[in-house]
Amino acid sequence: MIGRLNHVAIAVPDLEAASAQYRDILGANVRPPQDEPDHGVTVVFIELPNTKIELLHPLGENSPIAAFLAKNPSGGMHHICYEVDDILAARDKLVRNGARVLGGGEPKIGAHGKPVLFLHPKDFNGTLIELEQV
Ligand code: CO
């Protein structure tokens, strides 16, 4: 059901410092920051030959990233995103198998303009999983 790894998201306390590190030290192709008010984050995409890294920083009052950074002050891996062909079929299969879909189970439009869903980390080995329909 899942396809390619679309991205790995890393929450960072300092977006500019993290972007500079990926650009200047790791030599990656780093895109400009992008505000995603619907998701409470500012995102920087890093384009690698086989996938993307998504640097996440809190935006606004109720950012879901703020609590994560409070627990992980130096930052940390926040989620991984797998591609699926049909997000509603994927969701229905997951729910039938007992997985919990966050936020009521209806897909939202994600940072790439495509429908996304998040799965409860306790159901997947402690890893928050995002599914993106491509
Ligand atoms: Co993501």
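What you see below is based on every heavy atom in this structure, not just the backbone, and it leaves out hydrogens, waters and symmetry mates. Order of listing sets the numbers, starting from 1, for every ligand and every atom in it.
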Original post:
Side chains of H78 and E54: do they bring a donor and an acceptor to under 3.5 Å?
Top reply: no
**OP:** Take the Co ion (ligand 1) as the vertex and measure to NE2 of H79 and NE2 of H7; round to 10°.
**Re:** 110°
Original post:
Name of the E54 N, O or S atom nearest the Co ion (ligand 1)?
Top reply: OE2
Original post:
Within a reach of under 6.0 Å around CZ of R4, are more than 12 heavy atoms found that belong to other residues, nucleotides or ligands?
Top reply: no
Original post:
Mind checking whether H79 and F118 have parallel, tilted or perpendicular rings, split at 30° and 60°?
Top reply: perpendicular
Original post:
Tell me, which N, O or S atom in E130 is closest to the Co ion (ligand 1)?
Top reply: OE1
Subject >> Side-chain heavy atoms of L56 within contact of V43, under 4.5 Å >> reply: yes
